[in-house]
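Sequence positions, counted from 1, serve as the residue numbers for this chain.
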Amino acid sequence: MEVLAALNLGDIAQVFSKMGMFPVFDVAYYIVSILYLKYEPGSVEVSRRSPVASWLCAMLYCFGSYILADILLGSSPIDYFQHNSHILLASAVWYLVFYCPLNLFYKCVAFLPIKLVLVALKEVVRTRKIAAGVHHAHHAYHHGLFIMVIVGYVKGSGVALISNFEQLLRGVWRPDTNEILNMSFPTKASLYGAILFTLQESHWLPVAKSTLILIFTLFMATSKVVMTARHSHGSPFALIESWVCHLLFGSPLGGSEEDHHHTPAAAPSSPLKTKEELSEGARKRKAKKAE
């Protein structure tokens with residue numbers, strides 16, 4: 001505690017928790033989200049064939065968590081679209097990523113050092129969304145702990161949870177990428193974060209919300225930056241999860257199913273999990289056909 005006091009962690013956390021997300025952090029969130037959309041096979045073709053469908057997919061990638069959370073809380077699913085500045089900003093990012101001359105904007109934001117910064121900024125927004133979702137649900141359902149967890153979870157990973165619906169807009173149906181069946185790291189982390197913020201909101205976790213936001217943001221940003229830099233799709237929770245699943249559910253430790261799930265050559269488990277591999281593989285196949 002003396003070390004934390006010397007570092008003034010409480011003051012830093014307070015300043016950090018009050019930091020505004022618009023426009024810098026939100027722009028980073030939109031850029032990374034739409035960048036992942038462009039990695040999806042067929043998304044570029046859809047943008048040429050039907051810009052309206054491409055724009056709707058981009059809006060789902062940017063605001064899908066808000067839409068799903070509003071549906072769960074009984075609000076209108078288009079309620080967030082009243083924020084004109086956010087919609088226009090996300091639309092501008094979508095246009096630049098897909099239609100910028102010579103693909104210059106895409107090349108800049110996909111450049112690894114810049115992309116790592118954007119990924120870190122996106123995780124700042126994700127943590128705020130989880131905390132805001134839990135807080136919102138707490139006001140609507142004061143004693144509904146499970147509702148708080150669900151809304152916080154949806155706010156953090158709603159884009160992945162409605163990915164199958166987004167695929168339908170692009171004319172693709174891939175039920176094997178269901179995020180509930182095969183959770184990627186951001187989805188798992190959102191669930192664990194929602195549980196932590198629910199415990200804090202219910203005063204069962206003796207930590208200030210600002211401190212929890214700071215600590216969880218640092219964990220998420222560091223994990224995602226390292227994973228992106230290493231082009232890794234593993235999970236920091238893998239070892240703990242394997243032991244817990246073995247103890248509680250009898251799942252084999254290091255079994256064939258688990259090895260298959262974590263092998264790079266395995267089928268992608270979620271659209272947010274292996275987008276770069278899908279994109280690179282599709283481009284290599286097209287190059288071979290052209291030869």
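- Follow the hydrophobic side-chain contacts under 4.5 Å out from Tyr192 and you reach Trp204 in the same cluster.
- Between Trp94 and Ala58, the shortest heavy-atom contact is CD1-CB, 3.5 Å.
- Ring-centre distance between Phe105 and Tyr99: not below the 6.0 Å cut-off.
- Heavy atoms only, all atoms of each residue included: Val154 and Ser65 are closest at O-CB, 3.4 Å.
- Using bins of under 30°, 30° to 60° and over 60° for the plane-to-plane angle, the ring pair Tyr36/Tyr39 lands in the tilted bin.
- Here Leu96 contributes atom CG and Tyr106 contributes atom OH; the two are 14.5 Å apart, rounded to the nearest 0.5 Å.
- Residues Val226 and Val117 do not share a hydrophobic cluster, defined by chaining ILVMFWY side chains whose heavy atoms lie under 4.5 Å apart.
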For side chain to side chain contact (heavy atoms under 4.5 Å, CB included), just list the numbers for Val159 and Ser33, CA-CA rounded to whole Å, side-chain angles, deciding distance to a tenth of an Å, and then say yes or no. CA-CA 9 Å; Val159 178; Ser33 297; 5.7 Å; no
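- At a threshold of 4.0 Å, the pair Arg48-Glu45 does not count as salt-bridged, since none of the basic side-chain nitrogens sits closer than that to a carboxylate oxygen.
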I would like to know whether Val119 and Lys115 meet side chain to side chain contact (heavy atoms under 4.5 Å, CB included); could you show each step before the answer? CA-CA 6 Å; Val119 165; Lys115 185 179 178 181; 4.2 Å; yes
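- Applying the under-4.5 Å side-chain rule to Ile, Leu, Val, Met, Phe, Trp and Tyr, the cluster around Leu104 extends to Leu102.
- Between Leu191 and Val149, some side-chain heavy-atom pair lies under the 4.5 Å cut-off.
- The side-chain heavy atoms of Ile180 and Leu161, taken from C-beta on, include a pair separated by under 4.5 Å.
- Enclosure of atom CZ in Phe219 by more than 12 non-hydrogen atoms of other residues, nucleotides or ligands within 6.0 angstrom is indicated.
- Shortest non-hydrogen contact noted between Pro77 and Ile71 is CB-CG1, 3.8 Å.
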Side chain to side chain contact (heavy atoms under 4.5 Å, CB included) for Leu37 and Glu166? Distances and angles first, verdict last. CA-CA 10 Å; Leu37 172 61; Glu166 180 272 330; 3.5 Å; yes
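- Placement of Ile195 and Met220 within a single hydrophobic cluster is found when ILVMFWY residues are connected by side-chain heavy-atom separations under 4.5 Å, directly or transitively.
- Residues satisfying the side chain to side chain contact (heavy atoms under 4.5 Å, CB included) criterion with Asp26, sequence neighbours excluded, are Met21, Phe22, Tyr30, His86, Val125.
- Checking each of Arg126, Lys129, Arg128 against Tyr29 for a side-chain hydrogen bond (donor to acceptor under 3.5 Å, both in side chains) leaves exactly one that passes, namely Lys129.
- The two residues Lys224 and Pro186 make their nearest non-hydrogen contact at NZ-CG, 4.1 Å.
- Side-chain contact between Asn182 and Asn178 is absent, with no heavy atoms from C-beta onward closer than 4.5 Å.
- A 4.5 Å side-chain heavy-atom check between Lys38 and Val44 finds at least one atom pair inside the cut-off.
- Here Ser242 contributes atom OG and Phe237 contributes atom CZ; the two are 13.5 Å apart, rounded to the nearest 0.5 Å.
- Glu241 places a side-chain heavy atom less than 4.5 Å from the side chain of Lys188.
- Between Phe63 and Tyr66, the two ring planes are tilted [angle within 30° to 60°].
- Linking ILVMFWY residues whenever their side-chain heavy atoms come closer than 4.5 Å, directly or via other members, places Phe197 and Met148 in the same cluster.
- Across all non-hydrogen atoms, the minimal contact from Gly20 to Phe25 is O-CD1, 3.7 Å.
- In this structure a side-chain-to-backbone donor-acceptor pair under 3.5 Å is present from Thr127 to Glu123.
- A salt bridge links Lys209 with Glu201: the closest approach of a Lys/Arg side-chain nitrogen to an acidic carboxylate oxygen falls below 4.0 angstrom.
- Side-chain contact between Leu35 and Val109: present, with at least one pair of heavy atoms (C-beta onward) separated by less than 4.5 Å.
- How far OG1 of Thr211 is from CD1 of Ile12: 10.0 Å, rounded to the nearest 0.5 Å.
- Distance CG/Asn164 to CG/Leu169: 11.5 Å, rounded to 0.5 Å.
- Side-chain atoms of Glu179 never come within 3.5 Å of backbone atoms of Thr187 as a donor-acceptor pair (strictly under, hydrogens ignored).
- Annotation: the span from Met19 atom CE to Leu214 atom CG amounts to 9.5 Å, rounded to 0.5 Å.
- Nearest heavy atoms, Leu212 versus Val207: N-CG1, 4.0 Å.
- In this structure the side chain of Ser210 never reaches within 4.5 angstrom of the side chain of Phe16, judged on heavy atoms.
- Here the CZ-CG distance, from Phe165 to Leu56, works out to 8.5 Å after rounding to the nearest 0.5 Å.
- Using a 4.5 Å heavy-atom threshold, the side chains of Ser91 and Ile87 count as touching.
- Clustering ILVMFWY residues whenever any of their side-chain heavy atoms sit less than 4.5 angstrom apart, transitively, puts Leu60 in the very cluster that holds Val52.
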Intermediate values then yes/no, side chain to side chain contact (heavy atoms under 4.5 Å, CB included), Ile162 and Ile67: CA-CA 10 Å; Ile162 62 171; Ile67 294 172; 5.6 Å; no
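- Around the CD1 atom of Ile114, the shell of radius 6.0 Å holds more than 12 heavy atoms that belong to other residues, nucleotides or ligands.
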